[in-house]
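In what follows, every chain begins at residue 1, and chains take the letters A, B, ... in the order their sequences are listed. This is a predicted model, so every value here is computed, not measured.
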Amino acid sequence: MLDAKYLREHMDDVVAKFNKRGENVEELKNFETLDHKRRSLIQQTEELKQRRNEVSKQVAEYKREGKNADELIQETKEVSTKMKTLDEELREVEQNLQQLLLTLPNLPHESVPQGEDESDNEEVRTWGEPPIFSYEAKAHWELGTELQMLDFERSSKVTGSRFVFYKGLGARLERALINYMMDVHESEHGYEEVIPPFMVNRESMTGTGQLPKFEEDSFKIREEDYFLVPTAEVPVTNMHRDEILNVDELPIKNSAFSACFRSEAGSAGRDTRGLIRQHQFNKVELVTFVKPEESYEMLESLTSHAETILQRLQLPYRVMNMCTGDLGFTAAKKYDIEVWLPSYNDFKEISSCSNFEAFQARRANIRFKREAKGKTEFVHTLNGSGLAVGRTVAAIIENYQQEDGSIVIPEVLRPYMGGRTVIEST
RNA sequence: GGAGAAGUACCCAAGUGGCUGAAGGGGCUCCCCUGCUAAGGGAGUAGGUCGCGCAAGCGGCGCGAGGGUUCGAAUCCCUCCUUCUCCGCCA
């Protein structure tokens, strides 16, 4: 959510930034109308309320003294009636204004390259070399199925498309990666571990920006106003919703494991094979809460923590700075980390690291104080995948494959795989 | 799922229609006393948010949330949420 005061006072800047994003400016005009109306109504009702309070106090006095207060009571009665009408009008205007504010996207940071779509994203750096195969490399869904690590047929029988059974060493590998990632982030990068609820309520989904605009992307529980989490970002960021944090607590760094559930509405036909685009997948997510002046530093560090995992796994990747047109709704700046996938002969997103600045904090009302008696300020929130586990499994299978169809296990994972060095068919 | 109880400021807690921005205590801050500590005496302290204003300030809201009754609600009514206890069920 954008700051209403900022919108009011710097409309030109907001318009310019909306244009950069390719965003419709029409709503901003509606904002001005509603905002103006709201303030005028507030002034009117408050004046009446003040009058009512004064007279009510007088009535009390009269009664105590045994005087007749009928005339005063008559007056407040009238004032109260008028007040209620205005109050109702105000409530409606505020609701509309709030709804409108919830649909406005974040403003891009100045270091974000301008562009229309993913082709305008800027490559920041690359790491490692894509492997060269002397034979025809296989896709992870073929190898995974052959090695009985993955079973896509039975999962579609049991559930439907875009679900998978991990089996045998496939399940073990998935679990090894979760543990390895969580361990590194906890012991080396200083994140406090969290395993959140996998369902959240509507307020939480609104707090991080999934709602109200993107309801069709999520899975809704039928009898409860709950949603399956699309990412641990939602429960973990909302952990501190409506809180005022102490400045000594900052920065808060959490690494969270969760399953993630996405309806993938609108992606029909894309990435239909393999682990890349599932309705359910596991992810280790890094979430941080920081003082505003530290958030861009944190974005770099967060991104590097995700990169560390790929480096230790020896998986080639590149880091992209998302352009204004590809930023998404909530981010002020976003890096995607893309891992090399031989089956795609291309890089594929495996982590997305974003600085939301105060956009989520304002929605979720997450604040802090620098001093006990000081003013409250909104924190900045950030998060990044560290990493998406299913896609990591896919990348390992494909990049570590050998001509005989076996998979070498990355060295750092071997202790998590019972000391095995290779996955091969038996 | 059934029965019951409760939600008041940093914490505990009083308060069933007007003088309650909210008793009392704890805590916290300052002062006094005291060789130090403990104990004691005195004074002070109350969150957040919105509107107007350059500001000082003024005003609105506020006692789990949202509605309602009333001239006036922490106090009465309705709905919801959360916590606790007992019973049932269950990984």
Side-chain angles (χ1 to χ4, degrees), chain A residues 1-10 31-102 195-207 211-212 221-227 235 238-250 258-259 358 361-379:
Chain A
M1 196 159 70
L2 300 175
D3 181 10
K5 197 178 282 175
Y6 188 84
L7 276 166
R8 203 180 293 145
E9 290 165 8
H10 306 274
F31 166 81
E32 282 186 315
T33 318
L34 282 170
D35 180 58
H36 185 82
K37 199 165 178 193
R38 166 171 176 269
R39 284 186 298 155
S40 135
L41 281 168
I42 283 178
Q43 280 174 50
Q44 291 174 57
T45 53
E46 289 197 350
E47 215 167 285
L48 290 173
K49 280 178 187 170
Q50 188 176 352
R51 182 69 197 145
R52 180 204 58 190
N53 290 345
E54 280 166 8
V55 179
S56 279
K57 213 173 267 180
Q58 261 181 319
V59 170
E61 250 170 74
Y62 274 42
K63 293 241 160 156
R64 246 175 286 129
E65 292 164 10
K67 287 199 255 180
N68 184 310
D70 290 355
E71 218 169 290
L72 288 175
I73 288 178
Q74 191 52 38
E75 189 191 337
T76 17
K77 215 175 212 171
E78 282 162 23
V79 172
S80 281
T81 318
K82 222 189 289 177
M83 195 190 78
K84 264 173 201 162
T85 320
L86 283 178
D87 246 356
E88 217 160 286
E89 208 178 322
L90 175 63
R91 205 182 307 157
E92 203 185 309
V93 169
E94 288 201 313
Q95 228 165 45
N96 292 339
L97 189 61
Q98 183 68 9
Q99 277 315 108
L100 189 153
L101 282 170
L102 286 175
I195 300 179
F198 291 2
M199 292 184 203
V200 293
N201 58 32
R202 182 172 292 274
E203 290 70 38
S204 295
M205 290 289 275
T206 307
L211 296 182
I221 302 301
R222 208 169 272 291
E223 34 309 287
E224 208 73 57
D225 203 12
Y226 293 165
F227 298 82
N238 279 282
M239 263 207 301
H240 298 293
R241 175 149 51 84
D242 292 318
E243 289 184 17
I244 298 176
L245 302 166
N246 192 317
V247 71
D248 321 319
E249 299 175 72
L250 301 177
S258 87
R362 212 172 278 121
R363 290 176 157 247
N365 195 28
I366 307 170
R367 297 168 296 168
F368 78 104
K369 277 188 186 185
R370 293 181 195 270
E371 295 154 31
K373 298 260 176 191
K375 276 183 73 82
T376 58
E377 295 174 56
F378 288 109
V379 299

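Put simply, A/Asn53 has a side-chain N or O that comes within less than 4.0 Å of OP1 or OP2 on B/G60. Between A/Arg39 and B/G60, a side-chain N or O to OP1/OP2 separation shorter than 4.0 Å is absent. For A/Ser80 and B/G72, the shortest distance from a side-chain N or O to OP1 or OP2 is below 4.0 Å. Under 4.0 angstrom from either OP1 or OP2 of B/G51 there lies at least one side-chain N or O belonging to A/Arg38. Dashed line: the shortest gap from a side-chain N or O of A/Lys77 to OP1 or OP2 of B/C71 is under 4.0 Å.
For the pair A/Ile42 CD1 and B/U49 P, the computed distance is 15 Å after rounding to whole Å. Following rounding to the nearest Å, A/Asp225 (CG) and B/C80 (P) show an atom-to-atom distance of 15 Å. For the pair A/Glu224 CD and B/C81 P, the interatomic distance rounds to 8 Å; values are reported in whole Å. Atoms NE2 (A/His36) and C1' (B/G51) sit 14 Å apart, rounded to a whole Å. In this entry the distance linking CG of A/Asp87 with P of B/G66 reads 13 Å, nearest Å. Straight-line distance from the CZ atom of A/Arg241 to the P atom of B/U82: 13 Å, rounded to whole Å. As rounded to whole Å, 15 Å separates atom P of B/G59 from atom CZ of A/Arg52. A straight line from CG of A/Leu72 to P of B/G18 spans 18 Å, rounded to a whole angstrom.
B/A9 is unpaired under the Watson-Crick or G-U wobble criterion, no partner having all donor-acceptor distances under 3.5 Å. Remark: B/G66 base-pairs with B/C78. Criterion, Watson-Crick or G-U wobble with two distances under 3.5 Å. Shown here, B/U37 forms no base pair; nothing in the strands shown gives a Watson-Crick or G-U wobble contact with both key distances under 3.5 Å. In this entry B/C86 has B/G2 as its Watson-Crick or G-U wobble partner, both defining distances falling under 3.5 Å. Base-pair partner of B/U20: not found among the strands shown (Watson-Crick or G-U wobble, both distances under 3.5 Å). Using N1 to N3 plus N6-O4 or O6-N4 for Watson-Crick, or N1-O2 and O6-N3 for G-U wobble, each under 3.5 Å, B/U45 pairs with B/G27. When both pairing distances are held under 3.5 Å, B/G53 makes no Watson-Crick or G-U pair with any nucleotide shown.
Put simply, the side chain of A/Glu46 and the base of B/G59 share a donor and an acceptor less than 3.5 Å apart.
Taking atom P in both B/A14 and B/G68, one finds a spacing of 30 Å when rounded to whole Å. Taking the P atoms as reference points, B/A55 lies 13 Å from B/G51, given to the whole Å. If you take atom C1' in B/U20 and the same atom in B/U8, they sit 12 Å apart, rounded to whole Å. Separating the P atom of B/C11 from that of B/A3 is a span of 32 Å, rounded to the nearest Å. Nucleotides B/G40 and B/C33 place their C1' atoms 8 Å apart, quoted to the nearest Å. The gap from the P atom of B/A74 to that of B/C61 amounts to 10 Å, rounded to the nearest Å. With C1' as the reference atom, B/C10 and B/G1 are 38 Å apart, rounded to whole Å. Nucleotides B/G25 and B/G44 are separated by 13 Å at their P atoms, to the nearest Å.
Residue contacts shown for A/Arg51 are absent, as no nucleic acid heavy atom lies under 4.0 Å away. A/Arg362 comes within 4.0 angstrom of no nucleic acid atom, judged by non-hydrogen atoms across all strands. Within 4.0 Å (heavy atoms only), A/Lys63 reaches at least one base atom of the nucleic acid. Here A/Thr376 lies in heavy-atom contact (under 4.0 Å) with sugar-phosphate atoms only.
In this structure, a donor-acceptor pair under 3.5 Å is absent between the side chains of A/Asn53 and A/Ser56. Using modelled atom types and a 3.5 Å distance limit, the side chains of A/Thr85 and A/Glu89 yield no donor-acceptor pair.
Of the residues near RNA chain B, A/Arg367 and A/Lys49, the one whose nearest nucleotide (by heavy atom distance) lies more toward the 5' end is A/Arg367.
A salt bridge links A/Glu54 to A/Arg51: at least one charged side-chain nitrogen sits closer than 4.0 Å to a carboxylate oxygen. The pair A/Asp35-A/Arg39 meets the salt-bridge criterion, with a side-chain N (NZ, NE, NH1 or NH2) lying under 4.0 Å from an Asp/Glu carboxylate O.
In the set B/C52, B/G18, B/G68, B/G18 carries the atom at the smallest distance from any side-chain atom of A/Val59.
Distance check, rounded to the nearest 0.5 Å: CG of A/Asp70 to NZ of A/Lys77 gives 9.5 Å. For the atom pair OG1 (A/Thr76) and CE (A/Met83), the distance works out to 10.5 Å, reported to the nearest 0.5 Å. How far CG of A/Asn96 is from CZ of A/Arg38: 12.5 Å, rounded to the nearest 0.5 Å.
Between A/Phe31 and A/Ala4, the shortest heavy-atom contact is CZ-O, 3.6 Å.
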